[in-house]
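A quick write-up on the structure given underneath.
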Amino acid sequence: MSRLYDTVEPAVIDEEMLQKAVEEQGPKDEAGRIAKQEGIDFADVLSLRLDFKNILKIDNLWRFTSLTKLQLDNNIIEKIEGMDALVNLIWLDLSFNNIEVVEGLDKLTKVRDLTLYNNKISRIENMDALVDLHVLSVGNNELDQMENLIYLRRFKQLKTLNLSGNPFCDDPNFKHYVIAYLPTLEYLDYRLIDENTRAAANEQYTYPIQQLEHNEEVAQKKIEEQEAKEAEFNLHKSAYVENLNGSALFDSMFADDTEGPKLALLPGVDELLTVYKEKYTAICQQIFEYGLKEHQRRGDEVGSFQAAVNEAKEDNRNTGMMKINDFNEYRRKLFAELAQSSDQTYIDTSLEQHNKDIDKLWDGLMALEMQLVDQLEDTIKEFERNMADMVSTFVENVQALISQCRELENTHNEKLLEVAIVTLEKMVKNELDDELPDDVRMLFVDKDTITNAVGASHDLHLLKIDNKEDDIITRANNWLAALMERVHNEEEVKRNRHRVSEINNFIDHLREEVETFEIQAA
């Protein structure tokens with residue numbers, strides 16, 4: 001049965017347990033008394049010990065978003081879970097529990113030290129997210145397949161590994177196997193790996209390691225190629241021209257066209273389709289190249305705008321800091337002088353003037369903020385006009401190019417209809433030399449049937465063209481709307497509110513210091 005499970009009632013991580021642990025591990029003496037009185041925000045806690053609590057399930061830790069160290073050792077935990085919010089965790093101890101599967105670590109990308117010692121783990125897995133892992137302890141578990149250790153080769157920063165007490169440790173080749181297959185290790189089972197041992201291990205496993213490294217290189221190359229393809233596609237998608245650098249749009253017109261393949265078998269249509277596809281694909285290529293060029297222009301404009309905004313904010317803040325620094329220097333000298341004075345009238349007069357100077361500082365800082373607001377408003381308006389012009393021009397040119405695709409389709413349809421009518425007339429007169437499949441001949445029952453078939457194919461093709469045009473236009477306009485909403489919200493509303501709040505808090509702090517000084521002087 002699980003550790004302690006038979007004799008002690010399992011505990012849950014609740015508010016009372018967390019509050020008690022935080023208080024016990026928080027500040028001591030007077031600082032601790034004040035912290036307990038005012039309350040400690042769990043979001044500010046950096047380290048938390050919940051060991052020897054007989055905890056069965058990890059839960060209710062979502063508020064500890066700043067936590068860097070967590071001890072959950074010596075409990076009866078059966079599953080790794082409930083830690084997705086602990087994104088800043090660096091050190092995690094889950095030793096001496098009842099864990100059987102390594103899981104639930106996908107969000108803990110900053111973990112460097114992981115201890116799973118003395119559990120029931122039979123396989124090392126599901127740790128891909130721990131890209132910065134330096135120390136791993138999985139001793140005293142149920143690991144019995146040395147091949148499973150190859151999984152750890154992905155952790156390029158892994159320096160210390162503890163595996164002692166697992167079944168595979170009895171294998172006489174265990175030590176050399178681990179050292180050879182995990183070349184980044186410096187310590188194994190808490191002992192420094194000496195160079196002679198490393199050399200012997202590498203010699204013993206030379207050929208298997210060479211083959212493994214070759215396979216890893218091949219696999220890595222495939223991954224890089226796939227990532228490059230995805231990056232390229234995402235670039236094309238962000239430019240609204242994905243799949244337009246080829247025949248994808250042309251092919252899509254015929255993908256759902258049930259009549260198209262039949263009509264393609266009519267005499268001379270194959271040549272018409274070849275010419276049609278060549279011209280159509282060339283126009284799509286024009287759209288593709290133009291879209292990428294415009295995407296780059298839009299990106300450059302956004303970059304220039306952001307640089308201008310950052311420069312304006314930095315200049316404004318520097319000017320404000322100069323005012324604040326000058327004021328702080330004046331205030332420091334004033335308080336030093338008043339602290340030596342015993343003339344209460346002089347002190348009162350000086351503090352009254354100081355309060356007026358604080359008001360002037362507030363006026364100056366707020367004037368700077370209003371100046372920045374006006375400056376940013378003008379910059380944003382100009383940016384919005386430029387972006388609107390860019391998107392409008394892009395849409396107009398794309399529509400013009402897509403109209404050429406539509407004209408090609410209309411021209412092709414007219415020629416196809418001519419071929420169909422000629423074929424019908426020949427069939428009526430029994431003058432048709434070409435053999436046609438039965439399903440194609442069924443289209444030539446009468447003129448209406450073949451005309452409707454050609455018309456249905458044409459309508460479907462136009463629909464595909466219209467949909468692509470609508471898709472490009474809608475996405476471009478939506479991007480612009482979302483961009484400007486974000487700019488207005490972040491650079492005007494949120495920034496201004498934050499800055500005003502910052503100024504007011506600073507001024508309030510100055511006034512509180514004056515009040516404190518007045519009380520002390522009195």
Side-chain angles (χ1 to χ4, degrees), residues 236-237 239-291 394-478:
H236 298 170
K237 190 173 182 180
Y240 320 119
V241 292
E242 68 275 14
N243 299 323
L244 286 176
N245 56 332
S247 62
L249 182 57
F250 182 87
D251 296 337
S252 72
M253 295 194 303
F254 293 88
D256 301 321
D257 184 3
T258 57
E259 306 297 347
K262 301 174 187 176
L263 297 171
L265 297 175
L266 298 183
V269 173
D270 55 342
E271 296 177 4
L272 291 178
L273 284 173
T274 299
V275 174
Y276 177 27
K277 183 175 183 177
E278 183 180 333
K279 293 181 178 179
Y280 192 100
T281 304
I283 295 173
C284 288
Q285 185 67 31
Q286 289 183 53
I287 299 173
F288 174 78
E289 293 173 0
Y290 174 69
F394 169 73
V395 166
E396 289 174 4
N397 289 334
V398 167
Q399 285 178 317
L401 288 168
I402 290 182
S403 292
Q404 294 181 34
C405 291
R406 202 174 283 113
E407 289 171 7
L408 283 176
E409 168 58 28
N410 290 332
T411 301
H412 174 74
N413 178 70
E414 292 173 2
K415 292 179 179 179
L416 180 60
L417 186 58
E418 289 177 7
V419 171
I421 296 301
V422 170
T423 303
L424 176 62
E425 291 173 352
K426 287 184 178 181
M427 290 185 68
V428 170
K429 298 176 182 179
N430 290 322
E431 296 177 354
L432 186 65
D433 297 329
D434 301 85
E435 286 294 328
L436 297 177
D438 291 341
D439 58 341
V440 178
R441 285 183 170 273
M442 290 297 294
L443 298 176
F444 292 90
V445 173
D446 53 39
K447 186 176 181 179
D448 288 343
T449 302
I450 187 60
T451 302
N452 290 338
V454 174
S457 177
H458 179 52
D459 290 342
L460 183 60
H461 295 178
L462 290 177
L463 179 62
K464 292 286 186 178
I465 296 172
D466 292 344
N467 287 345
K468 173 54 70 173
E469 181 180 41
D470 291 343
D471 176 66
I472 293 175
I473 294 171
T474 300
R475 286 162 59 194
N477 287 330
N478 287 347

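Just so you know, these numbers use all the heavy atoms, side chains as well, and skip hydrogens, waters and symmetry mates.
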If you round to the nearest 0.5 Å, how far is [atom2] of [Y] from [atom1] of [X]?
X    : Y    : atom1 : atom2 : value
M253 : L463 : CE    : CG    : 11.5 Å
T274 : K279 : OG1   : NZ    : 12.0 Å
E289 : N245 : CD    : CG    : 9.0 Å
Y280 : D251 : OH    : CG    : 10.0 Å
K262 : D257 : NZ    : CG    : 10.0 Å
K468 : I465 : NZ    : CD1   : 12.0 Å

Minimal non-hydrogen separation, [X] against [Y], with atom names:
X    : Y    : answer
Y240 : F394 : CD1-CE2, 3.9 Å
A453 : L263 : O-CD1, 4.1 Å
S457 : E259 : CB-CB, 4.5 Å
I283 : Q404 : CD1-CB, 3.6 Å
F444 : A420 : CE2-O, 3.4 Å
G291 : A239 : O-CB, 3.7 Å

*Is there a donor-acceptor contact under 3.5 Å from the side chain of S252 to the main chain of L249?*
yes
*May I have the step-by-step check of side-chain contact (heavy atoms from CB on, under 4.5 Å) for I287 and I402, ending in yes or no?*
CA-CA 8 Å; I287 299 173; I402 290 182; 3.8 Å; yes
*Verify the neighbour count for atom CE of M442: are there more than 12 heavy atoms of other residues, nucleotides or ligands below 6.0 Å?*
no
*More than 12 heavy atoms of other groups within 6.0 Å of E278 CD*: no
*Just jot down the salt bridge (Lys or Arg N to Asp or Glu O under 4.0 Å) partners of R406, sequence neighbours excluded, or say none.*
D466, E469
*Looking at residues at least two apart in the chain, or sitting in another chain, which of them share a salt bridge (Lys or Arg N to Asp or Glu O under 4.0 Å) with D471?*
R475
*Give the C-alpha distance, both sets of side-chain angles, the deciding distance and a yes or no for side-chain contact (heavy atoms from CB on, under 4.5 Å) between E409 and N413.*
CA-CA 6 Å; E409 168 58 28; N413 178 70; 4.3 Å; yes
*What orientation do F250 and Y276 show, parallel under 30°, tilted 30 to 60°, or perpendicular over 60°?*
perpendicular
*Between the side chains of D446 and T449, is a donor N or O closer than 3.5 angstrom to an acceptor N or O?*
yes
*For D470 and T474, does a side-chain donor sit closer than 3.5 Å to a side-chain acceptor?*
no
*Only one of V395, N467, L244, N477 forms a side chain to side chain contact (heavy atoms under 4.5 Å, CB included) with I472, so which one is it?*
L244
_L266 and its side chain to side chain contact (heavy atoms under 4.5 Å, CB included) partner, picked from V419, V454, V422, L424_ = V419
*Evaluate the criterion side-chain contact (heavy atoms from CB on, under 4.5 Å) for residue pair H412 and L272; output intermediate values, then yes/no.*
CA-CA 7 Å; H412 174 74; L272 291 178; 4.1 Å; yes
*Start with the C-alpha distance between I421 and E425, add both sets of side-chain angles, then the distance that settles side-chain contact (heavy atoms from CB on, under 4.5 Å), and finish with yes or no.*
CA-CA 6 Å; I421 296 301; E425 291 173 352; 3.7 Å; yes
